[in-house]
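The next block holds one structure in the form of structure tokens; read it before the comments.
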Amino acid sequence: MNVILAVKQYIAKMIEESGPGMKVLLMDKDTISYVSMVYAQSEILQKEVYLFELLGSSAREVMKHLRCICFIRPTRENIDLLSQELKNPKYGVYFIYFSNVVSKSDVKTLAEADEQEVVREVQEFYGDYIAVSPHVFSFNIVGAARGQTWNAGIQNRVCAGLTAVLLSLKKCPMIRYQNSSEMAKKLAENVKQVISKDAGLFDFRRTDVAPLLLVLDRRGDAVTPLLNQWTYQAMVHEILGIRNNRIDLSNVPGISKDLQEVVLSAEQDEFYANNLYNNFGEIGAKIKDLMEDFQKKSQSQKKIESIADMKAFVENYPQFKKMSGTVAKHVTVVGELSRLVGQHNLLEVSEVEQELACQSDHNEALKRIRALLSNTKVQNVDACRLVALYGLRYERHSNNNFVGLMQALAHRGVSDKHRKLVQAIVDYGGERNRGTDLFGQDNPISKTKKFFKGLKGVENIYTQHRPYLQELIDQLIKGKLREGSYPYLGSNQLRDRPQDILVFVIGGITYEEAFAVHQINKAMPGVRVTLGGTTVHNFESFLEEVSVAQHLTNY
């Protein structure tokens with residue numbers, strides 16, 4: 001159930017099948033992302049792939065001595081572009097690999113275009129998705145819904161991607177879906193239709209316990225994407241933004257040219273792999289340990305007391321920078337996170353967010369939100385987060401003062417557009433639309449658990465929250481997930497504890513949920529959970545998702 005390994009093996013097989021000699025890898029704008037997420041360019045260069053090109057680019061030269069590995073999605077546009085390519089081939093021979101099922105008529109079109117007989121191979125390799133980490137995948141699609149229904153064309157793209165994930169992992173699952181979501185039901189039915197139509201492709205060796213696909217809707221939990229994060233990977237995405245493992249640091253004060261864009265990949269960066277789920281306090285200590293170790297080796301006596309000292313140390317030691325580019329990168333990232341946390345009062349903001357998500361003291365919450373709304377250090381975007389969280393948490397409360405908080409947002413100069421978005425979040429994930437018992441209001445046991453958790457206190461007040469998805473997976477594994485709320489598609493049902501579980505969230509997932517799934521996999525030997533979503537959200541992208549769904553923009 002390792003999606004990075006699945007895509008990596010496909011690419012390795014393509015390169016191997018094309019034989020010895022110099023090669024060019026020809027891709028489209030989607031498959032470039034698929035490849036870059038699992039392989040560093042230096043790794044592919046070692047396999048005799050010396051050129052990376054975009055299908056349809058007019059700037060490419062004719063190089064008949066190169067063997068071309070073409071890895072593209074089977075879209076209408078790509079078939080047309082490849083047909084033109086084959087009529088006037090730029091390379092000696094072509095090995096064509098589609099990332100998903102291709103129609104016979106499209107293969108015929110290509111065969112007719114191949115007048116010079118340069119095509120040696122046409123195959124389907126089902127790597128039609130972005131492998132974010134071994135247990136997480138995404139399609140980088142924001143704006144899946146318009147109202148309560150699928151945005152035009154996106155359902156088919158998501159279905160194709162999801163069936164590709166199943167084919168690459170060699171799973172033919174039973175399917176359950178969130179009953180309160182029409183979109184979840186439609187996607188579940190669509191996936192089942194594809195499995196029936198292409199039954200030959202899904203004819204895998206039977207396992208004792210059938211795999212399970214659970215299709216959920218982001219509306220079921222609109223709280224998780226609103227929260228500030230404090231584990232390394234999630235925090236970087238929330239504050240700086242991660243796009244295909246890349247982080248833009250060009251706006252960091254005094255940044256050197258070589259650090260304006262950095263790559264954070266657990267596949268290629270050992271420090272990141274070891275620390276992506278550690279909390280922010282631990283990361284600083286880990287970097288400090290690394291640097292102190294180097295200081296001993298270089299007989300440097302300079303004491304490192306703060307992140308500012310670390311940055312100065314890195315800048316003053318060119319040899320250290322050369323030897324430890326990885327550490328230089330992480331010092332810069334952590335330094336910028338630290339600067340922004342202090343500048344925008346994020347610790348206090350986060351503490352109130354966590355109380356809103358996990359506690360139920362209405363008067364105290366209202367008082368603390370009002371105090372933060374009048375604090376000039378707090379960003380408008382964080383003020384909006386707090387009011388949206390309040391709107392979701394106390395929607396039913398008799399003393400609800402959402403209107404007063406919206407007026408306070410207007411008073412502090414929050415734009416009309418952003419105030420509309422706060423209301424849109426409450427409409428999107430509110431009680432009428434979510435169809436889940438998100439705050440345990442209908443479940444006395446869940447309510448009691450929350451009460452005792454509050455009494456006992458938590459190890460870290462900034463990470464009290466547990467995503468609703470974690471609770472659902474836990475119930476699913478224990479055989480306690482309500483069938484009325486999450487029915488099976490078809491008459492077959494699992495009798496045993498599930499072993500291979502694939503959870504897919506329409507409307508996107510978060511790195512906090514990815515961490516929760518990582519913890520489940522670690523704690524439960526014999527259970528393998530893979531998590532996927534239309535995208536991986538931070539607050540900014542979630543605003544876009546809601547904006548499209550609630551008809552505020554065309555994205």
Side-chain angles (χ1 to χ4, degrees), residues 1-4 6-7 30 32-34 36-38 127-145 151 154 157-158 161-162 164-165 187 214-248 262-267 269 272-273 276-277 333 337 385 428-429 465 467-470 473 502-521 529-549 555:
M1 293 277 280
N2 183 330
V3 287
I4 283 188
V7 177
D30 291 311
I32 280 177
S33 299
Y34 303 166
S36 69
M37 289 294 281
V38 300
D128 201 11
Y129 55 89
I130 289 169
V132 178
S133 59
H135 67 287
V136 180
F137 67 91
S138 157
F139 303 128
N140 278 6
I141 294 170
V142 177
N151 210 342
I154 289 178
R157 166 70 193 100
V158 170
L162 196 44
V165 172
L187 179 60
L214 176 63
V215 182
L216 304 174
D217 191 322
R218 183 74 267 166
R219 290 175 195 271
D221 171 14
V223 166
T224 301
L226 299 182
L227 301 173
N228 270 295
Q229 298 297 323
W230 297 98
T231 53
Y232 194 30
Q233 181 186 44
M235 192 179 181
V236 170
H237 189 42
E238 191 54 51
I239 296 176
L240 302 173
I242 301 172
R243 176 79 182 180
N244 294 343
N245 286 346
R246 292 176 185 276
I247 294 98
D248 180 1
V262 299
V263 175
L264 286 186
S265 165
E267 294 299 299
D269 178 339
Y272 186 57
L276 76 170
Y277 297 131
V333 170
L337 292 176
R385 259 187 231 266
Y428 174 91
H465 177 255
Y468 188 65
L469 179 136
Q470 190 171 349
I473 297 171
L502 200 145
V503 180
F504 185 79
V505 185
I506 300 160
I509 54 175
T510 66
Y511 280 119
E512 186 187 351
E513 288 162 333
F515 178 34
V517 168
H518 167 77
Q519 288 176 307
I520 290 168
N521 285 334
V529 185
T530 300
L531 176 66
T534 40
T535 194
V536 183
H537 278 309
N538 56 14
F539 182 56
E540 190 184 333
S541 64
F542 184 58
L543 284 180
E544 278 178 46
E545 190 77 45
V546 171
S547 180
V548 175
Y555 178 69

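Side chains included, hydrogens not; waters and symmetry mates left out as well; all remaining heavy atoms used. Since we're looking at a predicted model, the values are computed, not measured.
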Give a yes or no answer on whether the side chain of [X] reaches the backbone of [Y] with a donor-acceptor pair at less than 3.5 Å.
{"X": "Asn245", "Y": "Val263", "answer": "no"}
{"X": "Gln233", "Y": "Thr231", "answer": "no"}
{"X": "Thr535", "Y": "His537", "answer": "no"}
{"X": "Thr534", "Y": "Gly507", "answer": "yes"}
{"X": "Asn151", "Y": "Gly143", "answer": "yes"}
{"X": "His135", "Y": "Val529", "answer": "no"}

[Y] and [X], any side-chain heavy atoms less than 4.5 Å apart:
{"X": "Tyr511", "Y": "Gln229", "answer": "no"}
{"X": "Ile247", "Y": "Leu264", "answer": "yes"}
{"X": "Val7", "Y": "Met37", "answer": "no"}
{"X": "Val262", "Y": "Val333", "answer": "yes"}

Run the side-chain hydrogen bond (donor to acceptor under 3.5 Å, both in side chains) check on Asn140 and Asn244 step by step: do they pass?
CA-CA 9 Å; Asn140 278 6; Asn244 294 343; 3.0 Å; yes
Tell me the closest heavy-atom pair linking [X] and [Y], and the distance in Å.
{"X": "Asp128", "Y": "Ala164", "value": "CB-CB, 3.6 Å"}
{"X": "Ala514", "Y": "Tyr277", "value": "O-OH, 4.2 Å"}
{"X": "Glu545", "Y": "Ala145", "value": "OE2-N, 4.3 Å"}
{"X": "Asn538", "Y": "Gly241", "value": "ND2-CA, 4.0 Å"}

Test Glu267 against Val38 for side chain to side chain contact (heavy atoms under 4.5 Å, CB included), laying out the working first.
CA-CA 7 Å; Glu267 294 299 299; Val38 300; 5.8 Å; no
Testing Phe504, Tyr129, Tyr34 for ring pair (Phe, Tyr, Trp, His ring centres under 6.0 Å) with Phe139, which one passes?
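Exactly one option meets the ring pair (Phe, Tyr, Trp, His ring centres under 6.0 Å) with Phe139, and it is Phe504.
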Should Val223 and Tyr468 be marked as a side chain to side chain contact (heavy atoms under 4.5 Å, CB included) after you check the CA-CA gap, both sets of side-chain angles, and the distance that decides it?
CA-CA 9 Å; Val223 166; Tyr468 188 65; over 6 Å; no
The test is side chain to side chain contact (heavy atoms under 4.5 Å, CB included); show your working for Val517 and Val503 and say whether it passes.
CA-CA 10 Å; Val517 168; Val503 180; over 6 Å; no
Using the side chain to side chain contact (heavy atoms under 4.5 Å, CB included) rule, take Thr510 and Arg218 through it: C-alpha gap first, then chi angles, then the decisive distance, then the call.
CA-CA 10 Å; Thr510 66; Arg218 183 74 267 166; 4.2 Å; yes
Does atom CD (Glu540) have a neighbourhood of more than 12 heavy atoms from anything else shown, all under 6.0 Å?
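Atom CD in Glu540 is not crowded, with 12 or fewer foreign heavy atoms closer than 6.0 Å.
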For the atom pair CD1 (Ile473) and CD (Glu513), what is the distance rounded to the nearest 0.5 Å?
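These two atoms lie 8.5 Å from each other.
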